[in-house]
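Take a look at the structure set out below.
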Amino acid sequence: SIRSDREVVLEAVRQEGCLLSHASESVRGDSEVLLAAVAQDWHALQHGTEEARALLDIVRVAMEQELAALDFAAPALLNDPERMLTLIECNPGAVRYTSEELLLDPAFVTTLLDNEIADDKFFA
C-alpha cells in the first residue's frame, strides 16, 4: 500500500510533516523519514515510533523549532543522562522535560551544576 511505500511517504512528509500520521508503523519508525517530517514540522515527532522518538538527532531537530516537542520524545531519551545533557546544553529549558529519576540522581544534578548548564534556582 501507499502507506508502506517509504519513498512516497518521504516525499510527502518533506512537503507536510504531519502526513507521517498516515504512514505504516514501519515507515514511521524509519529515522530518515521521521527526520524529514520533523524538519518540516516539529509536531510530526509525535507520529514516529517510540524507538525513533528516542533518537537524539531527530528530537534535537524538533526541539530546535519548539521546546514543547520534548513532550513527544520517548521516555528512554528523557531518562538518558548523556542525551539529556546534550539537549539541555542546546536549550537549558529542556531540563524541565528531564525524567524525575534523573533529577533525583545526584551525579546528574552535579554535572548540570558543575557545567553551569542549569543554575541552583531550578533545583530550589
Side-chain angles (χ1 to χ4, degrees):
S1 92
I2 198 165
R3 295 168 21 105
S4 298
D5 186 320
R6 180 186 182 279
E7 295 308 313
V8 169
V9 173
L10 183 58
E11 189 56 37
V13 301
R14 285 181 175 146
Q15 304 301 315
E16 180 61 49
C18 284
L19 288 175
L20 185 64
S21 67
H22 301 290
S24 68
E25 181 156 353
S26 64
V27 175
R28 289 186 295 114
D30 183 301
S31 61
E32 183 182 356
V33 172
L34 182 56
L35 182 59
V38 164
Q40 200 284 321
D41 182 348
W42 67 269
H43 291 94
L45 184 61
Q46 68 187 307
H47 303 300
T49 61
E50 184 163 344
E51 183 177 316
R53 291 182 293 112
L55 298 173
L56 179 62
D57 291 341
I58 292 171
V59 173
R60 186 182 349 198
V61 167
M63 185 191 81
E64 287 172 353
Q65 295 174 54
E66 174 60 53
L67 184 59
L70 292 179
D71 283 329
F72 303 126
L77 182 141
L78 301 176
N79 198 40
D80 182 280
E82 288 182 30
R83 291 185 285 174
M84 282 309 297
L85 285 171
T86 299
L87 292 175
I88 294 165
E89 287 171 354
C90 292
N91 184 334
V95 75
R96 295 191 312 261
Y97 294 87
T98 305
S99 74
E100 185 176 343
E101 183 178 329
L102 272 185
L103 292 176
L104 294 173
D105 177 351
F108 180 78
V109 173
T110 299
T111 300
L112 287 177
L113 296 174
D114 286 353
N115 292 310
E116 298 180 2
I117 298 169
D119 59 31
D120 294 336
K121 289 181 227 126
F122 179 81
F123 299 101

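Worth knowing before you read on, the calculation uses all heavy atoms, side chains too, and leaves out hydrogens, waters and symmetry mates. In what follows, residues are counted from 1 in the order of the sequence shown.
With sequence neighbours excluded, no residue forms a side-chain hydrogen bond (donor to acceptor under 3.5 Å, both in side chains) with Thr86. Judged as a salt bridge (Lys or Arg N to Asp or Glu O under 4.0 Å), and not counting sequence neighbours, Arg3 has no contacts. Residues satisfying the salt bridge (Lys or Arg N to Asp or Glu O under 4.0 Å) criterion with Asp41, sequence neighbours excluded, are absent altogether. Partners of Asn79 according to the side-chain hydrogen bond (donor to acceptor under 3.5 Å, both in side chains) rule, which considers only residues two or more places apart in sequence or in another chain, are Ser99.
Distance OG/Ser31 to CD/Glu51: 9.5 Å, rounded to 0.5 Å. To the nearest 0.5 Å, atoms CD1 (Ile88) and CG (Asn91) are separated by 9.5 Å. Rounding to the nearest 0.5 Å places CZ of Arg28 at 10.5 Å from OG of Ser4. Atom CD1 in Ile58 sits 4.5 Å away from atom CG in Leu34 (nearest 0.5 Å). Here Glu25 contributes atom CD and Asp30 contributes atom CG; the two are 12.5 Å apart, rounded to the nearest 0.5 Å. Here CD of Glu11 is found 5.5 Å from CD of Gln15. Values are rounded to the nearest 0.5 Å.
No side-chain heavy atom of Leu19 sits less than 4.5 Å from a side-chain heavy atom of His47. Between Leu87 and Leu77 the shortest side-chain heavy-atom distance falls below 4.5 Å. No side-chain heavy atom of Val61 sits under 4.5 Å from any side-chain heavy atom of Trp42. Proximity of Leu85 to Phe108: side-chain heavy atoms (C-beta onward) are separated by under 4.5 Å at one or more points.
A donor-acceptor pair is defined here as one N or O able to donate and one able to accept, closer than 3.5 Å; no such pair exists between the side chain of Arg6 and the backbone of Val27. Judged purely by atom type and a 3.5 angstrom limit, Arg53 has no side-chain atom pairing as donor or acceptor with the backbone of Val59. Within the 3.5 Å criterion, the main-chain N or O of Ala37 finds no donor-acceptor partner in the side chain of Gln40. No donor-acceptor pair closer than 3.5 Å links the side chain of Arg83 to the backbone N or O of Leu56.
Taking both residues in full, the closest heavy atoms of Thr49 and Gly29 are given as OG1-CA, 3.3 Å, listed atom of the first, atom of the second, then distance. Contact record, Gln65 with Ala39: NE2-O, 3.7 Å, taken as the closest heavy-atom pair. Heavy atoms only, all atoms of each residue included: Gly17 and Ala44 are closest at O-CB, 3.4 Å. Contact record, Phe72 with Gln46: CD2-CB, 3.4 Å, taken as the closest heavy-atom pair. Here the closest heavy-atom approach between residue Leu45 and residue Ala62 is recorded as CD2-CB, 4.0 Å. Shortest non-hydrogen contact noted between Arg14 and Ala36 is CG-CB, 4.1 Å.
Atom CD of Glu16 has more than 12 heavy atoms from other residues, nucleotides or ligands within 6.0 Å.
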Check: Going through the distances and angles, do Leu78 and Thr98 end up as a side-chain contact (heavy atoms from CB on, under 4.5 Å)?
Finding: CA-CA 5 Å; Leu78 301 176; Thr98 305; over 6 Å; no
Checklist line | Candidate pair Arg96 and Leu67, rule side-chain contact (heavy atoms from CB on, under 4.5 Å), full reasoning | finding: CA-CA 10 Å; Arg96 295 191 312 261; Leu67 184 59; 3.2 Å; yes
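Pairs of residues two or more places apart, or lying in two chains, that qualify as salt bridge (Lys or Arg N to Asp or Glu O under 4.0 Å) and include a residue from residues 60-79 are Asp57-Arg60.
The hydrophobic cluster of Leu104 has no other members, since no ILVMFWY side-chain heavy atom comes under 4.5 Å of it.
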